[in-house]
Enquirer: 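Got a structure for you, questions after.
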Amino acid sequence: MNLIQLEQEYLAHTYARFPLCLVQGSGAVLKDETGREYIDLGSGIAVNTFGAADPEWQQAVIEQLGKLQHASNLYYTEPNIRLAQMLCEKTGMKKVFFSNSGAEANECAIKAARKYAAQTLGSDYTTIITLEHSFHGRTITTLAATGQAVFHQQFQPLTPGFVHARPNDAEHLEKLLNQNKCAAILLEVVQGEGGVNALDVDYVQQAAKLANQYGALLIVDEVQSGNGRTGKLYGYMHYNIQPDLVTTAKGLGGGLPIGATLFGERVQNVYTPGDHGSTFGGNPVSCAGALNILQRLDDDLMQQVQQKSEYIRNALHNAPGVRSVSGLGLMLGVDTLRDASQVVQECMEQGVLVLKAKDKIRLLPPLNIPNNLLEQAIETLKQVCAKQE
Ligand SMILES: *Cc1c(COP(=O)(O)O)cnc(C)c1O
């Protein structure tokens with residue numbers, strides 16, 4: 001039996017996969033089992049920050065693997081401590097909790113917000129406001145946080161205490177703050193799975209102000225938009241706000257599983273021993289890799305990300321078959337006249353891997369994709385978008 005048949009037989013049917021088996025890669029180029037090469041504009045969904053098999057990241061990971069792969073959180077290890085320090089120094093946040101995924105990073109923030117609200121507002125201040133079209137994960141609680149009914153069906157009852165506000169509508173947000181006893185507002189500054197839409201600056205600043213006014217925390221989900229993806233270290237940095245809690249995952253590890261919840265001044269001491277934990281959280285190998293990634297996300301690279309973003313926007317602006325381009329940095333959504341699934345399919349046939357978000361094409365290339373490969377891939381995308389059906 002070939003791999004596709006074996007997968008059908010032995011794996012839970014949670015993914016609609018493309019008939020493509022990737023075996024290796026180098027930077028922004030991936031190779032399938034037949035040796036065919038693809039330019040990667042997806043980075044394994046914003047995970048492979050510096051592309052496939054990045055030599056520097058690999059060296060950091062291998063070095064740590066040779067020393068100690070895991071220790072448990074009963075003991076101190078160096079990589080997670082250094083990584084937490086660097087995260088705080090680069091963001092002004094005060095404390096970090098490490099987990100293994102975006103959903104877990106959000107679970108940690110939600111628990112922290114509930115505990116903080118119980119201490120400061122009262123134990124009935126449990127509601128968390130999230131936005132319509134948001135995506136926060138697949139656990140029963142982060143599904144409840146996710147403002148898209150399509151993910152909720154057949155999984156009820158979800159964790160109670162979540163209400164959904166209309167994005168970019170501060171009045172609606174204030175109404176929900178009045179109607180509910182709220183612990184926090186949780187939002188993605190650039191909604192990824194929801195269609196790559198950056199929230200309005202005014203709205204995000206209003207949300208921060210309202211949260212403060214009502215004694216609720218502001219939690220920013222940077223699982224996808226974080227770690228240099230938008231052309232700043234974290235997406236919220238485009239908005240001139242200081243969140244109380246920041247969650248991240250995907251690109252932080254450069255390809256190994258890691259989640260992080262960052263705690264601001266007000267909430268830095270909300271957790272005490274026994275409140276939260278994770279067996280794999282802060283894994284030394286993941287953290288050694290993440291440390292390498294984080295230290296390379298400097299101003300120079302952020303400028304390159306913004307330049308590449310400009311290049312893509314200019315190339316696709318008014319291009320035949322392209323309605324509009326949304327998003328920030330190298331987290332872009334392309335609204336195409338043609339059916340997005342068809343565009344993804346044909347790009348793949350032409351040797352370019354792109355993603356979808358709702359009805360749009362989503363582009364999340366490695367942050368260091370060479371310009372010539374980016375130009376070649378965007379040219380292919382343009383041609384596919386321009387095709388008449
Ligand atoms: C992917 C994603 C998550 C979930 O992350 P997992 O690692 O799959 O649990 C949560 N929030 C946002 C914004 C995401 O893009």
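Nothing here was measured: the structure is a model prediction, and the numbers come from that model. Order of listing sets the numbers, starting from 1, for every ligand and every atom in it.
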Enquirer: For the CD atom of Gln224 and the CG atom of Leu364, what is their distance to the nearest 0.5 Å?
Expert: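 Answer rounded to 0.5 Å: 5.5 Å.
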Enquirer: Any N or O on Gln224 sitting closer than 3.5 Å to an N or O of ligand 1?
Expert: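 Yes, there is a polar N/O contact under 3.5 Å.
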Enquirer: Going by salt bridge (charged side-chain N to carboxylate O under 4.0 Å, His left out), Glu193 matches just one of Lys356, Arg362, Arg138, Lys360. Which one?
Expert: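 Among the candidates, only Arg362 passes.
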Enquirer: Is it the case that over 12 heavy atoms from other parts of the model lie below 6.0 angstrom from the CZ atom of Arg313?
Expert: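 For Arg313, atom CZ is crowded (more than 12 foreign heavy atoms under 6.0 Å).
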Enquirer: Ligand 1 versus Glu188, non-hydrogen atoms closer than 4.0 Å: side chain, backbone, both, neither?
Expert: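 Near ligand 1, Glu188 shows its side chain, while the N, CA, C and O stay back.
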Enquirer: Which of the numbered atoms in ligand 1 are below 4.0 angstrom from a heavy atom of Ser101?
Expert: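 Listed by number with element, the hits are 7 (O), 9 (O).
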Enquirer: Using a strict cut-off of 4.0 Å, indicate which atoms of ligand 1 neighbour a heavy atom of His136.
Expert: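 The atoms of ligand 1 under 4.0 Å from a heavy atom of His136 are 10 (C), 11 (N).
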Enquirer: Measure the acute angle between the ring planes of Phe263 and Tyr271, then classify it against the limits of 30° and 60° as parallel, tilted or perpendicular.
Expert: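 Rings of Phe263 and Tyr271: perpendicular, as their planes differ by over 60°.
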Enquirer: Nearest protein heavy atom to atom 12 (C) of ligand 1, by residue and atom, and its distance?
Expert: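 Here the nearest protein heavy atom works out to Phe135 O, 3.3 Å.
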Enquirer: Nearest to atom 11 (N) of ligand 1, what protein heavy atom do you find, and at what distance?
Expert: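 That would be Asp221 OD2, 2.8 Å.
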Enquirer: Please work out, at 4.0 Å between heavy atoms, whether the side chain, the backbone, both, or neither of Lys250 comes within that distance of ligand 1.
Expert: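 Under 4.0 Å from ligand 1, Lys250 contributes side-chain atoms alone.
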Enquirer: What's the shortest distance from atom 9 (O) of ligand 1 to any protein heavy atom, and which residue and atom give it?
Expert: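 The closest heavy atom on the protein side is Ala103 N, 2.8 Å.
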Enquirer: Name the closest protein heavy atom to atom 7 (O) of ligand 1, giving the residue it belongs to and the distance to 0.1 Å.
Expert: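 Result for atom 7 (O) of ligand 1: Gly102 N, 2.8 Å.
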Enquirer: Please determine which of Met331, Lys250, Glu222 meets the side chain to side chain contact (heavy atoms under 4.5 Å, CB included) test together with Arg229.
Expert: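 Looking at Met331, Lys250, Glu222, the match for Arg229 under the side chain to side chain contact (heavy atoms under 4.5 Å, CB included) is Met331.
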Enquirer: Any carboxylate oxygen within less than 4.0 angstrom of a Lys/Arg side-chain nitrogen, looking at Asp54 and Arg296?
Expert: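 Salt bridge between Asp54 and Arg296, a charged N being under 4.0 Å from a carboxylate O: yes.
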Enquirer: Take atom NE2 of His13 as the centre, draw a 6.0 Å sphere, and report whether it contains more than 12 heavy atoms from other residues, nucleotides or ligands.
Expert: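 Counting neighbours around NE2 of His13, more than 12 heavy atoms of other residues, nucleotides or ligands fall under 6.0 Å, so yes.
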